**Student:** 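Handing you this structure, nothing more for now.
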Protein chains: 2
Amino acid sequence: MLARMPDSEASGLTIGQVSERTGLSVHALRFYEREGILAHPVRRAAGGRRVYAERDVEWLSVCVVLRASGMPLPDIRAYTDLVRQGPGNEEQRLVLMRRHQERVLEQMARLSESYDLISYKVRLYEDVVEQAGEAHAC
Amino acid sequence: MLARMPDSEASGLTIGQVSERTGLSVHALRFYEREGILAHPVRRAAGGRRVYAERDVEWLSVCVVLRASGMPLPDIRAYTDLVRQGPGNEEQRLVLMRRHQERVLEQMARLSESYDLISYKVRLYEDVVEQAGEAHAC
DNA sequence: CTAGCCCCTAGAGGCGGCTCTAGGTCAACC
DNA sequence: GGTTGACCTAGAGCCGCCTCTAGGGGCTAG
């Protein structure tokens, strides 16, 4: 009745549980795995079921943040590859992260510019609506 | 030799000129027109060529900002429809704009959260790379 | 024993937003 | 009169990122 845990291992998570914790759909999780966006291969239980560990959830949570800030999947994949290879390539990881950092900064700048125009429009329409309301009141 | 102006009318712009000024591709401009994202129908010159006015450029520039901040085309289209209908529906425009304003705020919040994680990672790798450099120096 | 549920694979499908192609018109210059 | 170049239409294609389908396995509760 409860979600079946693989052998009731404490840190063995089903794909459904990982889906809930990361906010990624079950489909997306399988898709990400195919795309190589997992630093470590997932273990499999009987019947081929995926068994995730806590660190997978942590890693995927990082990926969610990267995605949410617009990092393309190929870049996330490249980053994952570097992490999978282990220590020694921090310079390359740094390059990737810095590039993304700049992109995010640009995005924020563009967004706040857009925000100005949008706020201007909102104020404008607020005024018009308010005045129309007064006219009705007369 | 020079871009042919329709009858050398001062405010008659070709699609190519509008493309340059708005940053939208010629293809995108035609696509937007089909999608109803023009507050006024474009005039046509001989041979069916589009003749844009300055106000079209202004309108499209607004649309570019809306797109850049993630407003979906259907919403932009709805907004365009309201504007095309003329004064009297400012309340509805206000609703649209406020909704988008909130979306943009959310986006900015999410982005800056993401930015924190990314900056953290950058600092981390900077430290690692620096220490590795020192180790080499020894 | 069967209904319900979660899981599996491989691959198709969908959506948003363009982008490009094919095939053609027209005006201008050489 | 041929070439160039910007434009036209209708519609196909593409890219990123999932999302869903078909067809099947297997545990567990009632």
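All of these numbers come straight from a predicted model, not from anything done at the bench. The figures here come from the full heavy-atom set of this structure, side chains too, leaving out hydrogens, waters and symmetry mates. Numbered from 1 within each chain, the chains take letters A, B, ... in sequence-line order.
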**Student:** Ring centres of A:Tyr32 and A:Trp59 under 6.0 Å apart?
**Tutor:** no

**Student:** Is the shortest side-chain N to carboxylate O distance from A:Glu33 to A:Arg44 below 4.0 Å?
**Tutor:** yes

**Student:** Can you check the A:Ile15 CD1 to C:dC5 P distance for me, whole Å?
**Tutor:** 19 Å

**Student:** So that I can tick it off, tell me whether A:Arg21 and A:Glu54 are bridged by a salt bridge, with the cut-off set at under 4.0 angstrom between side-chain N and carboxylate O.
**Tutor:** yes

**Student:** What is the distance, to the nearest angstrom, from the CZ atom on B:Arg44 to the C1' atom on D:dA6?
**Tutor:** 15 Å

**Student:** So does B:Asp75 pair up with B:Arg67, basic N to acidic O under 4.0 Å?
**Tutor:** no

**Student:** Less than 4.0 angstrom between a side-chain N/O of A:Arg49 and OP1 or OP2 of C:dC6, yes or no?
**Tutor:** no

**Student:** B:Ile76 CD1 to C:dG17 P: how many Å, rounded?
**Tutor:** 8 Å

**Student:** Let me spell it out: for each of B:Ala46 and A:Tyr52, pick the nucleotide of DNA chain C with the closest heavy atom. Which residue's pick is nearer the 5' end?
**Tutor:** A:Tyr52

**Student:** Below the 4.0 Å mark, does C:dC7 have OP1 or OP2 next to a side-chain nitrogen or oxygen of A:Thr14?
**Tutor:** yes

**Student:** Across nucleotides 11-19 of chain D, 5' to 3', mark each nucleotide with B, S or - according to how protein heavy atoms within less than 4.0 Å reach it.
**Tutor:** B-----SBB

**Student:** Measure the distance from CD on B:Glu33 to P on D:dA10 and round it to the nearest whole Å.
**Tutor:** 11 Å

**Student:** Is any side-chain N or O of B:Arg30 closer than 4.0 Å to OP1 or OP2 of D:dC8?
**Tutor:** yes

**Student:** What I want to find out is whether B:Arg93 reaches A:Glu126 closely enough, with some N-O distance under 4.0 Å, to be called a salt bridge.
**Tutor:** no

**Student:** What are the two closest non-hydrogen atoms of B:Val83 and B:Ala39, and how far apart are they?
**Tutor:** CG1-CB, 4.1 Å

